[in-house]
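Just so we're clear, the structure is a prediction, and the values are computed from it rather than from any experiment. Chain letters run A, B, ... following the sequence lines, proteins first and then strands; every chain starts at 1.
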Amino acid sequence: MYALVDCNNFYVSCERLFRPELNGKAVVVLSNNDGCIISRSAEAKAMGIKMASPYFQVREHVDRGDLHVFSSNYALYGDLSARVMEVLDLVSPQVEVYSIDEAFLNLQGMERMIDLDRYGQEVKAQVFQWTGLPVCVGIAPTKTLAKLANYAAKHFPQSLGVVNLSKPGWRERLLQRTPVEEVWGVGRRSAVKLKIDGIHTAEDLANSDAETMRSRYSVVLERTILELRGVSCIGFEGAPEARQQILCSRTFSSRITRRQPLEEAVREYAVRAAEKLRQDQQVASHMAVSIRTNPNAQFEPRYRNTASVKLPTPTSDSRILIKQAVLLLRTIYKSGYRYMKAGVVLSELQPAGNYQSDMFCEDLQSGKSVSLMQTLDAINQRYPRGVTFAGQGVTQDWAMQRKFLSPRYTSNWQELPKVR
DNA sequence: TCTGGGGTCCTAGGACCC
DNA sequence: TCTGGGGTCCTAGGACCC
């Protein structure tokens with residue numbers, strides 16, 4: 001038995017926590033660079049504002065004053081997320097953090113000892129009391145059904161935010177009422193195809209022939225079908241697996257037309273990726289750099305390209321990664337384009353200090369390199385951007401735009417909320 | 001004018017081995 | 001007219017998640 005605890009409109013709820021006057025108002029949070037809408041309050045949804053729609057399409061509402069808008073503030077959301085997870089750790093024996101705003105609880109064996117509906121209500125009340133953030137809870141024998149239960153808890157107010165599908169009859173009724181595209185694991189592409197095949201509801205999907213669906217769609221969809229029938233195929237993962245790749249990419253605040261600022265950006269992303277790598281105590285042996293123009297632009301030349309390299313020996317040294325990133329960029333850079341975005345991907349990751357070195361190459365991960373990077377990280381942790389590489393650029397005019405950024409209320413002494 | 005960022009898993013097809 | 005059978009590994013691309 002699983003519970004899925006999911007925060008309601010998480011980013012919007014985080015912003016409202018420190019701006020309570022916005023409760024009951026239409027609020028949205030934008031993606032990086034103030035591009036798209038990625039979180040909406042119930043009121044914003046009711047206005048017909050769609051998920052992922054570009055900001056400029058709803059700017060009218062903002063100008064009229066009937067919509068409040070925030071830039072993404074990940075320092076704030078990350079900190080509040082950690083607090084929610086801490087509460088869940090206290091109320092549940094096993095927690096699997098699934099994303100920034102949701103977690104699965106493993107309730108195996110508990111159903112015989114406690115009333116699950118009441119437990120769900122207690123979890124919800126506890127998170128709200130200790131963090132101020134509203135959550136909904138879905139309880140069911142498989143993860144896919146727990147996701148569905150959570151969907152129901154959010155959509156049917158009479159549920160009071162908790163739905164338990166282990167009660168007889170509930171699962172069938174919910175499957176009948178749920179459109180197939182709301183099922184976890186059914187994306188846009190499959191939903192279109194499923195409807196052509198006459199499968200419109202979660203119930204239709206659960207009743208379809210799993211074998212046939214596997215060959216017509218995929219083994220992933222077959223698992224979803226079994227999960228909807230109550231056969232658990234997706235296991236509980238208490239301890240998170242080591243990451244397989246680290247990606248750092250950003251859209252620029254405005255288009256870049258020269259090589260030099262593009263190189264700055266790529267160095268910056270390589271440094272960011274290397275920092276994450278060291279944080280995970282891993283090293284990488286593969287790197288890719290990609291650049292692209294605006295794929296949505298109708299009337300200007302489009303270009304996108306990626307170059308990659310296998311590193312001679314695995315490393316997490318920023319200096320080496322910067323150098324490689326720039327070399328890769330120079331192989332794909334073409335002048336005459338308006339570049340919109342660049343990215344760096346590190347892959348083939350392994351635990352640091354536990355890899356096969358190359359007999360014919362000098363080991364890049366020498367003792368001096370390790371202690372230099374440790375020093376760098378220690379300084380920058382205390383004083384963000386305290387030490388940078390000159391090539392990362394000083395003014396970084398291309399850096400992303402966040403015009404509606406709220407203070408880092410919980411993670412920066414200078415930005416603590418003031419009570420008058 | 002203006003459209004995010006960071007991940008995972010699966011599959012098909014090519015290249016290769018004996 | 002007619003050219004085997006059984007594998008592995010790698011990569012790119014698609015689909016999905018939040």
So, A/K143 and A/E237, do they make that salt bridge, N to O below 4.0 Å?
-> no

Mark up nucleotides 2-11 of chain B, 5' to 3', with B wherever a protein heavy atom is under 4.0 angstrom from a base atom, S wherever such an atom reaches only the sugar-phosphate, and - elsewhere.
-> BBSSSSBSSS

How many Å lie between CD on A/E102 and C1' on C/dC18, as a whole number?
-> 7 Å

Find the distance A/N8:CG to C/dC18:P and express it as a whole number of Å.
-> 15 Å

Within this structure, what is the CG-to-P distance between A/D6 and C/dC17, rounded to whole angstrom?
-> 14 Å

Heavy atoms under 4.0 Å, any strand shown: does A/K147 hit a base, just sugar-phosphate, or nothing?
-> sugar-phosphate

Can you check the A/N9 CG to C/dC18 P distance for me, whole Å?
-> 14 Å

For A/E227 and C/dC17, give me the distance from atom CD to atom P, rounded to whole Å.
-> 13 Å

Please work out whether the ring planes of A/Y269 and A/W398 are parallel, tilted or perpendicular, with thresholds of 30° and 60°.
-> perpendicular

What is the distance from CD1 of A/I100 to P of C/dC17, rounded to the nearest Å?
-> 19 Å

Quantified in whole Å, what is the C1' atom distance between nucleotide C/dG4 and nucleotide B/dC17?
-> 15 Å

Is a salt bridge present between A/R83 and A/E86, judged by a nitrogen-to-oxygen distance below 4.0 Å?
-> no

Across all strands shown, which nucleotide pairs with B/dG7 by Watson-Crick or G-U wobble geometry, both distances under 3.5 Å?
-> C/dC16

Quickly, which of A/Q392, A/E275, A/R278, A/K323 forms a side chain to side chain donor-acceptor pair (under 3.5 Å) with A/S318? Name it, please.
-> A/R278

Salt-bridged, A/E182 to A/K154, with N to O below 4.0 Å?
-> no

Residue that, paired with A/W184, satisfies ring pair (Phe, Tyr, Trp, His ring centres under 6.0 Å) out of A/Y98, A/Y2, A/Y151 | A/Y98

Whole Å only: how far is the CZ atom of A/R189 from the C1' atom of C/dG13?
-> 11 Å

Is A/E15 paired with A/R19 through a side-chain N to carboxylate O contact shorter than 4.0 Å?
-> no

Rounded to whole angstrom units, what separation is found between the OH atom of A/Y151 and the C1' atom of C/dC18?
-> 18 Å

